[in-house]
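Convention: sequence-line order gives letters A, B, ...; per-chain numbering from 1. No experiment lies behind these values; they were computed from the predicted model shown.
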Number of protein chains: 2
Amino acid sequence: MPTDDNSVNIETQGNRYHHGDLQAALIEEGLAQISQRPAEKLSLREISRKVGVSATAVYRHFPNKAALLGALCQVGSEKLSDTFARATEETGGGMDAFEAMGRAYVRFALANPSLFKLMMSKAPKPNALDSDQNGQTNGFAMLSDTLQDVLPADAPPELQMVKRLQAWSIVHGLAMLMLDGQVPAEEKIIASVISRSFL
Amino acid sequence: MPTDDNSVNIETQGNRYHHGDLQAALIEEGLAQISQRPAEKLSLREISRKVGVSATAVYRHFPNKAALLGALCQVGSEKLSDTFARATEETGGGMDAFEAMGRAYVRFALANPSLFKLMMSKAPKPNALDSDQNGQTNGFAMLSDTLQDVLPADAPPELQMVKRLQAWSIVHGLAMLMLDGQVPAEEKIIASVISRSFL
DNA sequence: TCGGCATGTTATCAATGTAAACATTGTGGT
DNA sequence: ACCACAATGTTTACATTGATAACATGCCGA
């Protein structure tokens with residue numbers, strides 16, 4: 001039997017017509033879902049079901065699925081920024097800070113696999129709601145800026161850029177390879193791969 | 001109107017009941033589709049439609065969608081191997097060969113975005129048909145072996161492994177970042193990031 | 001030759017994203 | 001205080017998709 005369509009299976013008893021803050025609830029549930037499955041197979045209908053609202057209610061808050069995903073990305077960005085901040089503040093700055101951030105980057109990815117992939121995946125997000133300034137994921141910016149403190153200031157800017165890209169690449173690559181099960185996700189490996197030796 | 005269900009819209013006139021080599025045709029069409037859209041939104045039905053066969057015919061050759069994708073991966077692996085082979089044979093071996101492979105890796109990713117991502121994405125593939133020996137993508141193996149020639153042979157194996165992982169990470173990371181539009185996909189950048197300086 | 005097996009086909013499901021039309025609120029202007 | 005209106009939810013409905021089951025066809029070997 002059709003276990004349920006949309007319609008009258010709103011199982012909440014509180015059952016007010018207006019949810020109160022659906023927008024937030026949807027995002028929260030979205031985050032919950034994405035922490036358990038790949039981002040693509042996150043289902044709007046399932047989210048609304050769990051939140052206790054009709055399937056199409058979502059569309060009052062997000063023009064489409066992509067927009068909801070975009071919102072999740074934003075939350076993810078903030079989480080990542082926090083992670084970075086926390087990772088660096090315990091270090092003495094300079095190279096230590098840089099390596100700490102690198103490790104934090106990979107750990108974040110491992111801790112939030114689908115969200116991380118979603119965040120990094122293609123394109124300037126449609127960016128639901130408030131359009132966050134530049135559009136670029138600022139993960140790079142933070143990593144990059146920290147690195148700048150370490151590089152000889154008189155180095156040609158082009159070389160600096162290369163170093164930054166190398167740093168980002170190695171960290172991002174390791175994260176991806178571990179996420180995709182190509183490299184075992186072990187702390188020991190993270191530490192050894194992300195080491196000053198590659199600069 | 002329902003533009004078409006499955007059923008009688010087999011538009012080929014040849015219209016033999018038996019296709020001849022559906023398996024191959026499906027894979028080919030699959031490759032065609034994946035070269036134009038992300039792997040997840042590749043549709044079995046569309047493939048069968050294009051091939052001129054009923055929607056469910058696919059299931060005579062692949063137990064499910066994942067299996068078809070697995071088959072595509074295999075083809076991709078072969079293409080990648082070829083690319084590597086071609087990339088190295090024009091070099092004098094050693095570090096040159098290694099860098100050439102690195103560039104080839106990234107270029108392959110850029111040339112076959114969805115296929116590349118599919119190949120690299122999670123898990124020992126269900127691996128339809130003949131199960132390819134080890135299961136691991138041998139992209140790493142090739143890259144890795146080439147690198148080994150360059151490293152001092154007396155280095156501790158652990159260090160060698162770290163170097164290899166660093167190499168794979170940087171190359172893979174750059175590829176991914178470019179694929180996802182986080183870094184402009186320019187040949188100049190590829191060349192400068194993949195340079196011996198990081199070893 | 002003819003019976004079985006491989007390969008295709010039609011019908012049918014359940015799930016999903018999304019649009020259209022309708023219902024119910026809360027709110028701001030008079 | 002009232003009441004239209006905008007915001008937010010709800011039902012219906014539809015096309016698309018992956019998948020299963022039952023039926024059809026045709027090739028190949030005993």
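Remark on the helix from C/dT1-D/dA30 to C/dT30-D/dA1: inter-end axis angle 0°, axes from five-pair C1' superpositions, rounded to 10°.
Within the structure, every side-chain polar atom (N or O) of A/His61 is placed at least 4.0 Å from both OP1 and OP2 of D/dA7. Residue B/Arg49 places at least one side-chain N or O under 4.0 Å from the OP1 or OP2 atom of D/dT17.
Using a cutoff of 4.0 Å between basic side-chain nitrogens and carboxylate oxygens, B/Lys117 and A/Asp180 are not scored as salt-bridged. Under 4.0 Å is where a charged nitrogen must lie from a carboxylate oxygen, and between B/Arg103 and B/Glu187 no such pair does.
For the pair B/Gln23 CD and C/dA6 C1', the computed distance is 13 Å after rounding to whole Å. C/dT16 atom P lies 10 Å from atom CG of A/Leu44, rounded to whole Å.
Every residue was checked against the side chain to side chain donor-acceptor pair (under 3.5 Å) condition with A/Glu28, not counting sequence neighbours, and none meets it. Legend: residues meeting side chain to side chain contact (heavy atoms under 4.5 Å, CB included) with A/Asp149, ordered by chain and number and at least two apart, are absent. Under the side chain to side chain contact (heavy atoms under 4.5 Å, CB included) criterion, B/Ala87 pairs with B/Ala104, sequence neighbours left out.
Side-chain atoms of B/Thr56 and base atoms of D/dT20 include no donor and acceptor less than 3.5 Å apart.
Out of C/dT7, C/dT18, C/dA21, the shortest distance to the side chain of A/Arg60 is found at C/dA21.
Aromatic ring orientation, B/Phe116 versus B/Phe108: perpendicular (interplanar angle above 60°, classes split at 30° and 60°).
A heavy-atom distance below 4.0 Å to DNA chain C is reached by none of the residues of residues 31-43 of chain B.
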Could you tabulate the donor-acceptor pairs under 3.5 Å formed by side-chain atoms of residues 31-40 of chain B, not counting sequence neighbours?
| unit_1 | atom_1 | unit_2 | atom_2 | d |
| --- | --- | --- | --- | --- |
| B/Gln33 | OE1 | B/Arg37 | NH2 | 2.6 |
| B/Gln33 | NE2 | B/Glu29 | OE2 | 2.5 |
| B/Ser35 | OG | B/Ala32 | O | 2.7 |
| B/Arg37 | NH2 | B/Glu46 | OE1 | 3.2 |
| B/Arg37 | NH2 | B/Glu46 | OE2 | 2.8 |

